[in-house]
Every structure is written in structure tokens, then in C-alpha cells.
Amino acid sequence: MSSIRYSTRGFASRTFKAEMSMKNPLLQDGATEGLTAAESPFQRFVANYFESRVATVAFFVLVVILILGFFAPLISPTDPYDLAQVDVLDSRLVPGSESYTGMTYWLGTDGAGRDLLSAILYGLRTSLSVGVLSGLIALCIGGAVGLIAAYFGGKVETLIMRVVDIQLGFPAILVALVLVALLGKGVDKIIIALVVVQWAYYARTVRGSALVERRKEYIEAATCLALSHRRIVFRHLLPNCLPPLIVVGTLQTAHAISLEATLSFLGIGLPITEPSLGLLIANGFEYMLSQKYWISFFPGIALLITIISINLVGDQLRDVLNPRLQK
Amino acid sequence: MSLLVFVGVNVVGDPVDMLINPEADQAEIDRVIRHFGLDKPIHMQYWHFLTNALQGDLGKSFIFGMPALQLILMRMPATLELAFSALILAIVIGIPLGVYAGLKPEAKVSRTIMASSILGFSLPTFWVGLMMIMVFAVMLGWLPSTGRGETVMVGGMELSFLTLDGLSHLLMPALNLSLFKMSLVIRLARAGTREVVHQDYMKFARAKGLSESRLIMVHLLKNIMIPVVTVLGLELGGLIAFSVVTETVFAWPGMGKLIIDSIHLLDRPVVVAYLMIIVLMFVVINLVVDVLYSILDPRVRLQDVQS
């Protein structure tokens with residue numbers, strides 16, 4: 001490539017991007033300009049992904065779950081936390097039974113007479129937002145830290161990776177337990193705890209792939225062009241480390257949702273004012289011994305479907321995005 | 001670390017509110033605050049805590065009125081019993097299934113085993129525990145749902161697994177706790193088997209005319225045990241930490257349940273003592289596993305010498 005010929009740096013960098021995208025077919029949209037192949041990398045990626053039937057189903061299930069969670073207030077038949085709509089007379093009804101106003105409770109009601117279907121939709125919303133938000137924050141922090149460690153090396157790297165190693169030596173639930181004991185209850189505190197639990201995984205993943213990418217020619221060329229560190233790290237190094245980061249991000253989000261549910265079940269997670277699926281399951285615990293299974297059962301099924309579909313999507317993404325497995 | 005835990009735990013909430021009868025007068029409140037040393041500034045409290053901790057005194061529980069360390073050590077055998085039972089279950093069930101799936105990767109049974117191991121990874125432990133209680137305790141009535149059952153004192157520790165009643169109480173929590181590790185063992189054993197089966201020494205052993213059972217029991221198992229043992233060693237700490245969840249579900253009176261109750265009741269000394277003990281435990285476990293690893297796998301030592 002003769003990018004050195006161009007005088008302005010910005011233009012040279014754009015040519016680099018095109019060059020990068022040819023080298024690395026995993027790069028998605030945005031970086032594909034200047035590529036003359038009939039099939040864009042993104043199209044190929046989509047085609048590869050939907051080759052697996054299980055993964056296709058998982059993807060659509062996940063989309064439906066996300067829509068349900070996002071539009072929960074619009075979809076759910078009642079607002080379970082509006083006291084005017086809840087009647088204690090309707091408490092602990094069997095799934096499919098009718099209220100005296102003629103409404104059907106498809107999944108039954110809980111101990112306070114709330115429609116379980118609506119409660120699950122609202123709980124799904126809370127669980128998803130806490131999981132995704134903490135995952136995104138952890139991704140940004142862990143990603144940045146891992147990139148810095150790999151790019152600068154030396155003492156910075158040793159220090160960062162030592163901290164990562166120490167943290168990964170302890171199981172996630174223990175770290176979360178310590179943090180919750182330290183910080184107390186609350187949505188923000190749970191998110192902080194989940195971020196602290198997760199960032200190390202992202203840092204390790206990014207560092208691993210950044211160490212490989214760093215030695216390649218395009219980084220050397222970018223360094224020769226005297227681009228700033230920030231520019232090299234975020235515009236050149238980061239895009240090429242994205243694929244493993246996306247995979248880890250998906251799987252970690254499932255972990256975060258599961259961990260949050262566990263903490264909430266133990267009563268040290270989200271406060272009762274922000275009921276997640278874990279809390280709904282905990283609420284049903286006391287009724288279960290008297291054969292009222294549905295109060296715990298259905299929120300658990302919702303949680304289960306969410307976690308499994310995210311995991312399946314993540315697994316397929318890993319297979320598709322892994323260049324070593326490509327034909 | 002100790003500073004972090006101490007400050008954090010001591011700044012959250014006011015245990016006086018939890019401890020004292022709301023109708024108590026100011027003099028009574030002052031007496032309680034002085035009794036627990038809560039009137040002193042925080043750095044004094046920390047210094048006091050640190051000097052005592054080094055002498056093995058982690059403070060007295062606000063709720064139980066006895067030394068926190070003693071309280072936790074009293075509950076520890078229950079947790080350890082649960083964790084080790086889970087570990088044994090994971091090995092005894094996980095390895096045969098994993099080896100089978102590795103030997104016949106295309107068989108239907110193997111596919112079922114692998115699919116269930118994925119489930120074992122994804123299912124939230126506490127929910128599985130609830131469902132187990134629902135099916136086996138509530139609907140079928142086969143097993144008791146909570147508690148430890150009859151225990152036998154052995155060397156100053158109460159143990160459940162020596163009585164039939166205790167064993168029936170132990171089965172469900174142990175199985176629940178082991179599910180995750182079992183999936184892990186299945187995957188490790190399967191991956192190991194598939195690798196080892198094609199090695200030259202296996203072909204040689206078969207050519208020598210060894211029976212299939214000896215081939216699998218001795219030559220194969222020995223070689224797949226290395227990763228399994230290391231990972232399980234590392235995961236033992238995880239089992240103890242995760243027993244918090246299982247103990248809460250099955251009302252198993254171990255230290256995991258104690259810590260959750262203590263967090264709820266703001267019983268600070270117990271929380272601090274628990275965290276100190278478990279962190280110490282982890283450091284020791286990680287160290288022991290690192291040492292064991294180099295003993296078990298000579299290849300690791302060789303690499304160290306070369307580099």
C-alpha cells in the first residue's frame with residue numbers, strides 16, 4: 001500500500017482502515033468502504049451466523065425478550081406496582097383463573113394479588129437493564145484498561161494484570177458479596193458490584209488479542225506516521241480487538257443477569273422497589289412449600305430462557321467471529 | 001484489604017437501630033453504644049480491631065453475644081461437609097459421564113449428556129434448588145426440604161452423613177451445589193478423553209492386548225485426571241463461596257447462611273470476620289493448588305526449569 005504518499009494524516013488513516021478491513025474480514029460496517037468484493041464482511045458474517053438453526057432460534061427468542069423487556073409497560077396487562085390495580089382478594093390464584101373483574105391471569109397471581117405475567121415483564125425489564133448496563137460499563141472500563149496494558153507494556157502492564165489475576169482468583173459471587181456488604185443495597189450499588197466483578201474478564205480478553213494485533217504491520221505503520229497514542233489505540237488497535245470483546249460481552253451479560261438474580265434472591269441485591277426476576281422467585285419461595293409452585297416457577301422459566309438464549313447467541317458469535325475456525 | 005472491608009462494613013447502616021428496643025431510653029442506648037465501642041472515632045475502632053485481629057480476636061457478634069470467630073468456626077463443619085459432598089458427587093457422576101461422551105461422541109446418549117451439561121452451566125443454582133425442593137420434597141415427599149437432620153459428633157464436629165436421616169437431608173443440597181461443577185467435570189473429562197484416545201500410548205496399550213476396561217480405567221483415567229484435579233482444586237473455593245446460595249435455599253446451618261443473616265441484621269463483626277476468614281482460605285487454597293499442580297504434572301516443572 002502506498003498510503004505514505006498522501007499528505008494529510010486523516011486521509012492516510014482512512015486508507016489504513018480500508019487496508020485493515022481487507023486484512024481482517026471480521027470488521028463490520030463502517031470500515032468496509034473501499035472494499036470491492038461482491039459480499040461485504042458484514043453480509044458474510046450474517047450468513048455465517050444464521051447457518052445454525054439453534055442459533056437462529058436463540059437470536060429471535062432474544063430479540064423477542066428484549067422487546068418484551070423494553071416495552072414492558074406497554075405490553076403487560078396490568079401495572080403490578082400500581083396499588084389501585086392490585087386487589088388482595090385475587091392473591092395466590094392458580095394460572096389461568098379469572099379475577100372478579102373478568103380479567104384472566106394467565107400465569108396466576110402472587111401473594112399480594114399481582115398479575116404474575118405483568119410482574120415478570122417488569123422484572124425482565126429490570127433484570128435486563130441492570131445486566132446490560134453493568135456489562136457495557138465493565139466493557140468500557142475493562143476494554144480500556146486491557147488495551148492500555150497491552151499497548152504500553154512494562155510496569156503498567158504488570159501492575160494491571162496482577163490486579164486482574166488476583167481478582168479472577170476469587171469467585172464472582174464472593175466478590176459481589178463483599179461489595180454488597182460494603183456498599184449496601186440499591187440499584188446503583190448492584191451495578192457497581194457487577195461492574196467490579198466483570199471488568200477483569202474484559203481486560204484479560206482485550207489484552208490477549210491486543211498483544212497479537214500490536215505486533216502486526218499496520219500498527220507499526222501507524223506508529224511510523226507519528227499518530228498519537230490515543231489515535232493508534234482507539235482507532236487502529238481497538239477495532240481489531242472487537243470480535244473477542246463482543247463474544248465475551250455477550251456471555252458476561254448472561255452471567256451478570258444470573259448473578260444479579262442470585263443476589264436479589266438472597267435478599268442482598270436490588271431493593272423491593274425495583275423487583276427483578278430474582279426477587280420474584282424469592283417472593284414465591286414461601287408459597288412453594290404449600291404447593292403454589294407458579295409464583296417461583298414462571299419467573300424462573302423467564303430467567304432461564306433469557307440466560308440460555310444469550311449464551312447460545314454468544315456461543316454462535318464465538319464460532320463465527322473466530323478466524324481460526326473459518327473455512 | 002482489611003481496612004477496606006472494615007471501613008466499608010462499618011459505615012453502612014446503624015446497628016444500634018437493629019439491636020435496641022425502640023422504646024429504650026437514651027441512657028440505655030448510650031450504654032449499648034459504649035458496650036460495643038461504637039462511640040469511638042472510626043480510626044480508633046479500626047486500630048482496636050486490627051490489634052485484636054492479630055491476636056485471633058475478630059470481635060464479638062452483636063446479635064449472638066459471642067466471639068465472631070468462634071461463631072463462624074462452629075458453622076464451618078456444616079459448610080465443609082456440604083462442599084466436600086458436592087465435590088465427591090461431581091467427580092463420581094461427572095467423570096464416567098464425561099468419559100462416555102468422549103469415547104462415543106456421536107451417540108445419542110452423549111449428545112444428551114452434553115446438552116444437559118450446557119443446562120448445568122446456564123441454570124441459576126438457586127432456582128434449580130427451589131425446583132428440587134418442589135418436586136422431591138413437596139410433590140413427591142421423598143426427601144426433607146430443609147435443615148441438617150440427625151447429626152453425629154465426630155472429634156468435636158457435627159456430621160450429617162453418618163446417619164440415614166442426615167444423609168437424606170444432605171443429598172439434595174449437595175446435588176444442587178455440585179450441578180455446576182459436575183457440568184465442568186463432564187466437559188473436562190470429555191475433552192481429555194477425546195485427546196487421549198488418539199495418543200500413541202493408547203494404541204500401543206491396545207496392541208499389547210490389554211482389556212478395554214483396563215485401558216480405560218488405568219491408561220485413560222490417569223491422563224485425564226490432571227486437568228480435572230487442578231480445576232477441581234481451584235473450584236473447591238468456589239464451592240465454599242457458592243454454598244452461600246445453596247445454604248440459603250435449603251436452610252442448611254452453615255457459615256454461608258450465617259453471613260447472609262448477618263448482612264441482613266447488620267451484625268458487623270461477623271461479616272468482617274467471615275470475609276477475613278474466606279479471603280484467607282482462598283489465598284491458602286490457591287497456594288496449595290499451585291504447589292499440587294507442579295507435583296501432579298511433571299511437564300509444568302520441566303518448563304520452569306527451561307525458562
Side-chain angles (χ1 to χ4, degrees), chain A residues 54 165-166 168-185 189 251 254-255 257-268 277-278 281-282 284-285 287-297 299-312 314-315, chain B residues 1 4-13 115 118-119 121-131 133-135 137-139 145-146 234-235 237-245 247-249 256-257 259-264 266 268 271-272 274-275 278-279 281-283 285-287 289:
Chain A
V54 179
D165 283 344
I166 290 176
L168 292 182
F170 294 95
I173 180 118
L174 186 69
V175 178
L177 203 67
V178 172
L179 285 165
V180 171
L182 291 181
L183 300 169
K185 273 188 180 183
K189 279 142 193 161
L251 298 175
H255 264 147
I257 292 175
S258 173
L259 190 59
E260 179 274 312
T262 308
L263 290 175
S264 295
F265 172 76
L266 293 175
I268 51 175
L277 292 174
I281 297 173
F285 189 20
Y287 300 108
M288 210 181 53
L289 294 176
S290 51
Q291 303 233 333
K292 299 190 172 54
Y293 67 91
W294 60 90
I295 307 177
S296 277
F297 182 72
I301 291 288
L303 183 66
L304 189 66
I305 296 175
T306 312
I307 292 173
I308 289 184
S309 62
I310 297 179
N311 276 340
L312 287 174
D315 275 348
Chain B
M1 183 68 202
L4 198 73
V5 171
F6 183 82
V7 171
V9 172
N10 277 278
V11 169
V12 178
I118 293 177
L119 271 184
F121 273 122
S122 325
L123 288 168
T125 319
F126 68 97
W127 188 71
V128 178
L130 287 185
M131 290 304 117
I133 290 183
M134 193 182 85
V135 174
V138 179
M139 288 183 173
S145 66
T146 53
L234 282 172
E235 295 288 333
L239 275 177
I240 293 174
F242 248 99
S243 66
V244 170
V245 181
E247 283 175 16
T248 310
V249 173
K257 190 158 166 20
I259 175 77
I260 295 296
D261 293 344
S262 300
I263 289 178
H264 282 308
L266 293 176
R268 289 170 185 168
V271 176
V272 173
Y274 174 85
L275 295 179
I278 201 116
V279 166
M281 236 158 127
F282 260 88
V283 173
I285 289 176
N286 284 357
L287 187 72
V289 170

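Values below: every heavy atom of this structure, side chains too, minus hydrogens, waters and symmetry copies. Residue numbers begin at 1 in each chain, while the letters A, B, ... track the order of the sequences. Small disclaimer: the values here were computed from a predicted structure and weren't measured.
Using a 4.5 Å cut-off between heavy atoms, A:I281 contacts chain B through both its backbone and its side chain. Neither the backbone nor the side chain of B:V128 comes within less than 4.5 Å of any heavy atom of chain A. Heavy atoms closer than 4.5 Å to chain B are found in the side chain of A:I173, but not in its backbone. Proximity to chain B is absent for every atom of A:L277, based on heavy atoms less than 4.5 angstrom apart. In this structure, chain A has a heavy atom under 4.5 Å from the side chain of B:L119, while its backbone stays farther away. Of the two parts of A:A261, the backbone and the side chain both hold a non-hydrogen atom closer than 4.5 Å to a non-hydrogen atom of chain B. For chain A, the nearby part of B:I260 is the side chain; its heavy atoms alone come within less than 4.5 Å.
Counting heavy atoms from C-beta on, the side chains of B:V249 and A:F265 come closer than 4.5 Å.
Chosen from A:T262, A:I257, A:I307, A:I308, the residue pairing most often with chain B at heavy-atom distances under 4.5 Å is A:T262.
Between B:M131 atom CE and A:I301 atom CD1 the span is 7.5 Å, to the nearest 0.5 Å.
For A:D165, there are no salt bridge (Lys or Arg N to Asp or Glu O under 4.0 Å) partners, not counting sequence neighbours.
B:W127 contributes a side-chain N or O that, together with a main-chain N or O of A:S296, makes up a donor-acceptor pair within less than 3.5 Å.
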**Message:** side chain to side chain contact (heavy atoms under 4.5 Å, CB included) for A:F297 and B:L130? Distances and angles first, verdict last.
**Reply:** CA-CA 9 Å; A:F297 182 72; B:L130 287 185; over 6 Å; no
